[in-house]
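First up is the structure itself, then whatever we jot down about it.
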Amino acid sequence: MKKILFAAHSLEIGGIETALVTLINHLVEKQYDITLVLEKKQGIFLNQINKKIKIIEYSPSYCENKFIAKLKNGINRFKYIIKHKNKYDCSISFATYSLPDSFVARTSSKNSVLWVHNNYLSFFNNNEEEYLKFFTNLKVDSFKKIVFVSEESKNDFEQRFKNLKEKLIVCNNLIDYQKIISKSEEKIEQIKKDEVIFLNIGRHDEKQKKLSRLIDASKKLNDNGYKFKVLLVGDGENNKEYKEKVKNLGLEEKILFLGPKKNPYPYYKMCDSVILTSEFEGYPVVYIEALTLGKPIITTDVSDSKKDIEGKFGLVCEKNVEDIYEKMKYFIENGYTIKQKFNPEEFNKKIIKTVENIISEEDYEKN
């Protein structure tokens, strides 16, 4: 039985965490021995982890005294090396941004993998120096493989790290589509369906998610007399500011803050369209969840949206309030008919094959 280690920050609600839980629960049922290392053993998804999965906590010190923090972290690293060095067949740093996770993955196996979930060039506002520094600090060249969830992110990286080209792989996130479909049937309080309902699910983080665009576009729709509602499922550092903005614009009847939900899927079923107004993404899990439940998507031009969404599963708009408004208005007036049927089983089969090749170094090199 192959021993696989995953390193992550925590299991708080989020797209990366959703993808991680789905993947490790699937792998443990396929008779892999799974260990999960968390910086913080906490989060809404903890109780969704298969009981066969071993959980280790590896927490860096954030002591204000830098000398003491450095000493504690050095001792912790030494202990981890003694106990876990090269003890696994594959080790995966699943929280891209985490230096402790990078250390854990690189230490635990010669077949170490960095999983890149975001477009970090956009994250750093196209600042090449910051982008290069970020991946250099992660010791990216020490990983055996580097996995990207979108072609866009891989291409950006490849242009700047040409020497690592042979290590790069694109692999989307696995989905538990049967659970998604089943849990979408859960009974929740319904919202009156006399208006078009848009749904946004995600972290309330202005830098990436740009929900201010959605609020401003909604203000324009409301001023022009359109009937609609926007449901916001999620929470985050800018939640308070968003609520204040909605209140100041008089949109409290139009934009509803529902908070984080363990089961967001009934809201997909309730809505007419899923909407993203992000500045950048890796590959949004909500794309696949929406497609699984047959809901059209309105999204800004992030990740592989032009390739995967536009003209097939929804509308792609520019990253500005005016075009988001125009696409929402178009949807209210015309709706959107999905052009092709999404097959989640086939989608998963391709991902599982890729993941198994990543885990099995020998098999991967043969393919």
Side-chain angles (χ1 to χ4, degrees), residues 7-10 12-20 39-40 60 92-103 105 113-141 143 145-162 164 167-173 200-214 234-239 241-242 275-288 299-309 316-321 324:
H9 183 263
S10 72
E12 300 291 359
I13 194 164
I16 292 174
E17 292 75 18
T18 300
L20 174 62
E39 289 179 51
K40 295 181 179 180
I92 297 169
S93 177
F94 210 73
T96 322
Y97 52 83
S98 170
L99 292 176
D101 288 1
S102 171
F103 161 75
V113 182
L114 178 66
W115 215 283
V116 182
H117 290 276
N118 219 328
N119 184 324
Y120 282 96
L121 188 62
S122 296
F123 180 87
F124 292 116
N125 299 314
N126 293 313
N127 185 317
E128 295 271 346
E129 185 178 347
E130 287 295 316
Y131 182 82
L132 296 173
K133 181 182 175 182
F134 172 76
F135 281 107
T136 301
N137 286 343
L138 288 169
K139 300 187 185 301
V140 67
D141 57 344
F143 285 92
K145 306 179 187 80
I146 307 161
V147 177
F148 299 83
V149 295
S150 73
E151 290 284 350
E152 179 195 52
S153 296
K154 172 185 169 287
N155 292 341
D156 284 342
F157 183 91
E158 187 177 326
Q159 289 173 26
R160 291 155 183 87
F161 292 90
K162 292 183 173 64
L164 301 179
K167 295 185 176 186
L168 312 187
I169 303 164
V170 175
C171 181
N172 214 309
N173 290 315
N200 177 278
I201 295 182
R203 193 174 65 258
H204 291 182
D205 166 19
E206 179 63 10
K207 178 174 180 171
Q208 179 176 355
K209 304 299 182 179
K210 293 287 185 188
L211 291 182
S212 61
R213 292 170 174 163
L214 180 54
D235 201 350
E237 59 188 74
N238 296 116
N239 187 60
E241 294 95 313
Y242 290 148
I275 186 165
L276 289 84
T277 55
S278 303
E279 181 67 18
F280 56 90
E281 291 282 351
Y283 195 95
V285 173
V286 294
Y287 280 2
I288 307 305
T299 178
T300 41
D301 183 10
V302 292
S303 186
D304 294 341
S305 60
K306 290 280 191 182
K307 177 173 70 75
D308 292 350
I309 304 301
V316 176
C317 47
E318 299 303 317
K319 297 172 185 175
N320 60 65
V321 172
I324 293 166

Short N-O contact, Glu279 and Lys207, less than 4.0 angstrom: no

Considering non-hydrogen atoms only, spot the tightest contact between Phe143 and Leu138 and give its length. CE1-O, 3.5 Å

Has Lys307 got more than 12 heavy atoms of other residues, nucleotides or ligands less than 6.0 Å from its NZ? yes

Assess whether atom NZ of Lys133 is packed by more than 12 heavy atoms of other residues, nucleotides or ligands within 6.0 Å. no

If you count heavy atoms of other groups shown closer than 6.0 angstrom to CD of Glu128, is the number above 12? yes

How close do Ser93 and Ala105 get, heavy atom to heavy atom, and via which atoms? N-CB, 3.6 Å

So does Glu241 get a backbone contact from the side chain of Asn238, meaning a donor-acceptor N/O pair under 3.5 Å? no

Indicate whether any N or O donor in one side chain lies under 3.5 Å from an N or O acceptor in the other, for Tyr131 and Asp156. no

One pair to check against side-chain contact (heavy atoms from CB on, under 4.5 Å): Val149 and Val170. What are the steps and the verdict? CA-CA 6 Å; Val149 295; Val170 175; over 6 Å; no

side-chain contact (heavy atoms from CB on, under 4.5 Å) between Val140 and Phe134, worked out: CA-CA 9 Å; Val140 67; Phe134 172 76; over 6 Å; no

Any Lys/Arg nitrogen of Lys209 or Glu281 sitting under 4.0 Å from an Asp/Glu carboxylate oxygen of the other? yes

Interatomic distance, Ser122 atom OG to Phe280 atom CZ [nearest 0.5 angstrom]: 7.0 Å

Going through the distances and angles, do Phe161 and Leu168 end up as a side-chain contact (heavy atoms from CB on, under 4.5 Å)? CA-CA 10 Å; Phe161 292 90; Leu168 312 187; over 6 Å; no

For Asn200 versus Ile275, what's the shortest heavy-atom pair and its separation? ND2-O, 3.0 Å

Can you confirm whether Phe123 sits close enough to Asn119 that some side-chain heavy atom of one is under 4.5 Å from a side-chain heavy atom of the other? no

May I ask you to decide if Ser303's main-chain N or O and Glu152's side chain share a donor-acceptor pair within less than 3.5 Å? yes

Any donor-acceptor pair under 3.5 Å linking the side-chain atoms of Ser212 with those of Glu206? yes

Distance col, row Arg160:CZ vs Leu121:CG, nearest 0.5 angstrom, shows 4.5 Å

Tell me, do His9 and Phe94 make a side-chain contact under 4.5 Å, heavy atoms counted? no

Evaluate the criterion side-chain hydrogen bond (donor to acceptor under 3.5 Å, both in side chains) for residue pair Glu39 and Ser98; output intermediate values, then yes/no. CA-CA 9 Å; Glu39 289 179 51; Ser98 170; 2.4 Å; yes

Tightest non-hydrogen contact, residues Ala95 and Asp101, listed as CB-OD2, 3.3 Å

Asp304 (side chain) donor-acceptor with Glu151 (main chain) under 3.5 angstrom: yes

Take the angle between the ring planes of His117 and Trp115 and call it parallel below 30°, perpendicular above 60°, tilted in between. parallel

Are Arg203 and Asp205 ion-paired here, with the side-chain N under 4.0 Å from a carboxylate O? yes

Val302/Tyr287 under side-chain contact (heavy atoms from CB on, under 4.5 Å): CA gap, chis, key distance, verdict: CA-CA 11 Å; Val302 292; Tyr287 280 2; 3.6 Å; yes

Interatomic distance, Glu129 atom CD to Thr136 atom OG1 [nearest 0.5 angstrom]: 10.5 Å

Please round to the nearest 0.5 Å and tell me the distance separating atom CZ of Phe124 and atom CG of Leu132. 10.5 Å

What is the minimum heavy-atom distance between Cys317 and Ile324, and which atoms define it? SG-CG1, 3.8 Å

Under 6.0 Å between the ring centres of Phe135 and Phe157? yes

When rounded to the nearest 0.5 angstrom, what is the spacing between CD1 in Ile16 and OG1 in Thr96? 5.5 Å

Lys154 and Glu158 ion-paired at < 4.0 Å: yes

So, Arg213 side chain and Val321 main chain: donor-acceptor pair closer than 3.5 Å or not? no

Heavy atoms of Glu318 and Thr300 approach each other most closely as O-CG2, 3.7 Å

Nearest 0.5 Å please: distance from the CG atom of Leu114 over to the CD1 atom of Ile92. 10.5 Å

